[in-house]
Amino acid sequence: MSVTVLAKNTCTTTGEGPYWEESTKSLLYVDITAIDVHRFNTTTNEDSKVHLDDPDGVSFIIPKSRGDYVIGLGRSLAFLDWNTATVQKLVEVEQGTKNRFNDAKCDASGRLWAGTMGRESEPAKPERQMGSLYSFSKDHVLKKHVDKIDISNGLAWSLDNQTMFYIDSLPRKVFAFDFDVTDGNISNQRTAIDFNTSTVEELGYPDGMCIDVEGKLWVACYNAGKVIRFDPETAKQLQAVNFPAKRITSCCFGGPNYDELYVTCGKTGLTDDEFSNQQPLAGSIFKVTGLGVHGSSAPAYVDN
């Protein structure tokens, strides 16, 4: 196994939301409070970005099936035309609050799932239980599924699409729901993985995640500097990857064979001394190879 730096210090705040875009052989990701969306072309090693305008930041970028992108911009879901940097806002949630969208993924039908969180006084310290989890259909129908969330985070679906996995970071739990891919309903919430079986120093807080072709979850451990592979059926830790940065935020599989794990991290909250002398690679994008397992392509948002 090898951990290398794909893009050094490209995020000045919090890197998040990695997504492998097969059509351009690029890694998409965001720098949340810098309000930048990035596209790192792995063929040319060029990192391009579009700067957006929202005081609450940009939280994710996911391709649309017919071109361009859907993004989380503050409390809004929006379409982004990359070439013109034009934003078309679709819907705003939780108006009158200081909340914002955080992590998002699309299910196998192309339905978007995105959750919110309260404003943070410092990293991982938001207003508590202010967030919710929503789905957004191809017909632009917004539906709330879960409320009283602290930090809405990683999403993944089992290989048979019968189970949705979902992270709320501050309870330090990966939840599982029964999932109906046809109508997009979830039910029977239970805990699949409980980080409280270990200390915050050891595991940190569960953040973003992805799933491999063997049905195992790869969970980013914020403040612990690692990504851990879990068996969601037993909650057993199967493998750990350590990084030279503590604030690991998310991960996704990509590359020609989807056997490369791309990992984002944050710099926000570090002092100048901590950044210079302890974590000089904070805000970088990492690539992990030689894991012996691979993932598959992530669904795009299907828009009518």
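- Contact of the K267 side chain with the T14 side chain is not registered, since no non-hydrogen atoms from C-beta on lie closer than 4.5 Å.
- Side-chain contact annotation: E21 with Y19, donor-acceptor N/O pair under 3.5 Å absent.
- In this structure, the side chain of D31 engages the main chain of T12 through a donor-acceptor pair within 3.5 Å.
- With hydrogens and angles disregarded, a donor-acceptor distance shorter than 3.5 Å links the side chain of T234 to the backbone of K236.
- In this structure, a donor-acceptor pair under 3.5 Å is absent between the side chains of T264 and S250.
- Looking at N153 and S169, their side chains do bring a donor and an acceptor atom within 3.5 Å of each other.
- L27 has its side chain out of reach of E260: every pair of non-hydrogen atoms, C-beta onward, lies at least 4.5 Å apart.
- Side-chain polar atoms of R39 and N41 form no donor-acceptor pair below 3.5 angstrom.
- A side-chain donor from one of D160 and S158 sits under 3.5 Å from a side-chain acceptor of the other.
- Looking at heavy atoms from C-beta onward, I149 lies out of side-chain contact with S132 at the 4.5 angstrom threshold.
- Cluster membership check: V213 does not share its hydrophobic cluster with M1, using side-chain heavy-atom separations under 4.5 Å among Ile, Leu, Val, Met, Phe, Trp and Tyr.
- You'll find the ring centres of F195 and F230 inside the 6.0 Å limit.
- Without hydrogens or angle criteria, E202 side chain to T199 main chain gives no donor-acceptor distance under 3.5 Å.
- Remark: S198 OG to Q237 CD distance equals 6.0 Å, nearest 0.5 Å.
- Under a hydrophobic-cluster definition in which Ile, Leu, Val, Met, Phe, Trp and Tyr are linked whenever side-chain heavy atoms come within less than 4.5 Å, directly or via other members, L203 and M209 are assigned to the same cluster.
- Residues satisfying the side-chain contact (heavy atoms from CB on, under 4.5 Å) test with A235, not counting sequence neighbours, are I193.
- Formation of a donor-acceptor pair under 3.5 Å by the R75 side chain with backbone atoms of D56 is not found in this model.
- A salt bridge is absent between R119 and E127; no separation between the charged side-chain nitrogens and carboxylate oxygens falls under 4.0 Å.
- With contacts defined as side-chain heavy-atom distances shorter than 4.5 Å, the pair Y166/Q189 does not qualify.
- A donor-acceptor contact under 3.5 angstrom links the side chains of D303 and H140, judged on distance only.
- Side-chain contact check for K287 versus I285: every heavy-atom pair is 4.5 Å or farther apart.
- With ring centers used as reference points, Y29 lies under 6.0 Å from H38.
- No donor-acceptor pair under 3.5 Å is formed between the side chain of D207 and the backbone N or O of C221.
- For T271 and D273, the side-chain atoms include no donor-acceptor pair closer than 3.5 Å.
- Contact check on R229 versus D212 returns a salt bridge, with a Lys/Arg side-chain nitrogen under 4.0 Å from an Asp/Glu carboxylate oxygen.
- Of the inter-residue distances, the one linking M117 atom CE with Q129 atom CD reads 14.0 Å to the nearest 0.5 angstrom.
- Linking Ile, Leu, Val, Met, Phe, Trp and Tyr whenever their side-chain heavy atoms come within less than 4.5 Å puts F243 and L291 in one cluster.
- Tracing side-chain contacts under 4.5 Å through hydrophobic residues (I, L, V, M, F, W, Y), one reaches L90 starting from W82; they form part of the same cluster.
- Proximity of L133 to F175: side-chain heavy atoms (C-beta onward) are nowhere separated by under 4.5 Å.
- Put simply, the side chain of N196 gets close to the backbone of P171: a donor and an acceptor are under 3.5 Å apart.
- Put simply, the side chain of P232 does not reach to within 4.5 Å of the side chain of V174, judged on heavy atoms.
- Here the side chain of R247 pairs a donor or acceptor atom with the backbone of T268 at under 3.5 angstrom.
- A donor-acceptor pair under 3.5 Å is absent between the side-chain atoms of K226 and the main chain of A224, judged by distance alone.
- In terms of hydrophobic clustering, with Ile, Leu, Val, Met, Phe, Trp and Tyr side chains grouped at heavy-atom distances under 4.5 Å, Y301 and F179 are assigned to different clusters.
- Formation of a donor-acceptor pair under 3.5 Å by the N9 side chain with backbone atoms of A282 is found in this model.
- Taking CD1 of I35 as the reference point, atom CD1 of I71 lies at 11.0 Å (rounded to 0.5 Å).
- K105 contributes a side-chain N or O that, together with a main-chain N or O of L155, makes up a donor-acceptor pair within less than 3.5 Å.
- Under 4.0 Å is where a charged nitrogen must lie from a carboxylate oxygen, and between D178 and R190 at least one such pair does.
- The only option from K144, K143, H145 that meets the side-chain hydrogen bond (donor to acceptor under 3.5 Å, both in side chains) definition with S135 turns out to be H145.
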